[in-house]
Amino acid sequence: GRRPAGRGAAPVRRAGTSGRRGRFDDGPPAWFAEGAALRVAPDLDPGRRERVLLGAILARPAWLHPLAEDMAALPLSGGDLPRLRAIMLDVAGLALSTDDGTGESLEAVEMRAVTTQVEQAGLSVVMATLRREAELWLGTGDPEAALTQWHHIAGRHCAAVADAADRRAAAADLADNAVDNIEQTRALIERTLHSAKSSPEG
């Protein structure tokens with residue numbers, strides 16, 4: 001007959017589960033999953049935060065002017081990102097016109113100017129990569145919410161970089177103090193030995 005359920009009964013696995021993770025089957029969504037960016041993106045590693053912050057502006061040309069000042073203040077780790085930002089800020093500072101009869105928006109004209117300078121600088125692949133990565137973050141969500149989140153991520157990034165710099169400075173101070181203490185201890189030992197040698201025996 002059938003084995004009754006209860007003690008000793010074989011565990012029943014639900015369809016679509018491995019039987020190992022239990023109530024944790026539904027893990028955290030990927031950072032780029034729709035609806036997950038607002039929760040996860042601020043905790044990205046510094047390099048990815050930099051790429052998302054710049055790439056989002058490339059993917060949303062209308063953000064170039066409103067975010068130019070904030071973008072200029074972003075601490076960047078180096079490599080090609082500062083060069084790409086310099087091009088974006090250069091175009092943002094130009095008085096470009098749309099009075100050419102084509103009907104193009106100012107955002108389209110500016111992004112074409114950015115693309116031209118990026119190609120001349122040999123950064124086309126970098127630009128495409130950043131834009132693609134940011135598009136995953138932006139998704140199809142509310143543009144206003146995404147813009148608010150951009151500011152939040154930028155603030156978190158600046159604070160994290162400043163905190164890391166403070167920690168490095170504190171570590172350097174501790175190292176300097178340790179060296180000073182060693183030197184002071186060595187000098188004290190030398191004075192003690194000198195006094196012992198110069199004192200009369202007995």
Side-chain angles (χ1 to χ4, degrees), residues 28-96 106-107 110-139 141-179:
W31 72 270
F32 52 81
E34 184 175 0
L38 295 182
R39 297 192 300 274
V40 183
D43 297 320
L44 299 175
D45 64 82
R48 181 166 285 182
R49 280 199 302 264
E50 295 175 2
R51 297 194 300 273
V52 165
L53 288 168
L54 290 186
I57 299 176
L58 293 170
R60 296 291 184 271
W63 290 4
L64 181 59
H65 282 279
L67 297 180
E69 186 175 346
D70 296 296
M71 179 174 58
L74 287 176
L76 301 178
S77 56
D80 294 323
L81 298 188
R83 296 171 57 202
L84 181 59
R85 176 177 61 182
I87 291 173
M88 296 166 68
L89 291 174
D90 180 57
V91 171
L94 297 176
L96 298 178
L106 178 60
E107 290 82 5
E110 290 179 333
M111 194 48 54
R112 189 169 66 249
V114 168
T115 302
T116 299
Q117 291 195 36
V118 164
E119 290 174 350
Q120 294 172 350
L123 298 174
S124 296
V125 174
V126 177
M127 177 178 174
T129 301
L130 264 62
R131 179 183 287 169
R132 184 166 55 250
E133 189 165 359
E135 285 286 5
L136 293 173
W137 170 68
L138 289 166
D142 178 19
E144 289 299 323
L147 184 59
T148 298
Q149 186 65 5
W150 190 98
H151 284 289
H152 182 58
I153 297 173
R156 286 283 297 273
H157 179 65
C158 292
V161 172
D163 183 59
D166 290 342
R167 289 198 301 269
R168 287 193 298 269
D173 289 340
L174 287 175
D176 290 342
N177 290 335
V179 171

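Between the CE atom in M127 and the CG atom in L58 there is a gap of 5.0 Å [rounded to 0.5 Å]. Taking CG of L123 as the reference point, atom OG1 of T115 lies at 11.5 Å (rounded to 0.5 Å). Considering CD of E50 and CG of L130, their distance stands at 9.5 Å, rounded to 0.5 Å. Atom CG of L94 sits about 11.0 Å away from atom CG of L89, to the nearest 0.5 Å. Note that CG of L54 is 5.5 Å distant from CG of L76, once rounded to the nearest 0.5 Å. E119 CD to Q117 CD: the interatomic distance, rounded to the nearest 0.5 Å, is 11.0 Å.
Nearest heavy-atom pair across G78 and P82 is O-CD, 3.3 Å. Between A134 and A56, the shortest heavy-atom contact is CB-N, 3.2 Å. Looking at every heavy atom in both residues, E135 comes nearest to A59 through OE2-CB, 3.6 Å. Across all non-hydrogen atoms, the minimal contact from H157 to P46 is CE1-O, 3.8 Å. The minimum heavy-atom distance linking H65 with A92 is given by the pair CE1-O, 2.9 Å. Looking at every heavy atom in both residues, R85 comes nearest to A73 through NH1-C, 4.4 Å.
Residues V126 and V118 are not in side-chain contact: their nearest non-hydrogen atoms beyond the backbone lie 4.5 Å or more apart. Residues P143 and R60 have side chains not in contact (no heavy-atom distance under 4.5 Å, counting atoms from C-beta outward). M71 is not listed as a side-chain neighbour of L53, based on a closest heavy-atom distance of 4.5 Å or more. Under the 4.5 Å side-chain criterion, counting only non-hydrogen atoms from C-beta, W137 is in contact with Q149.
A side chain to side chain contact (heavy atoms under 4.5 Å, CB included) with I57 is found for exactly one of M88, M111, R131, namely M88.
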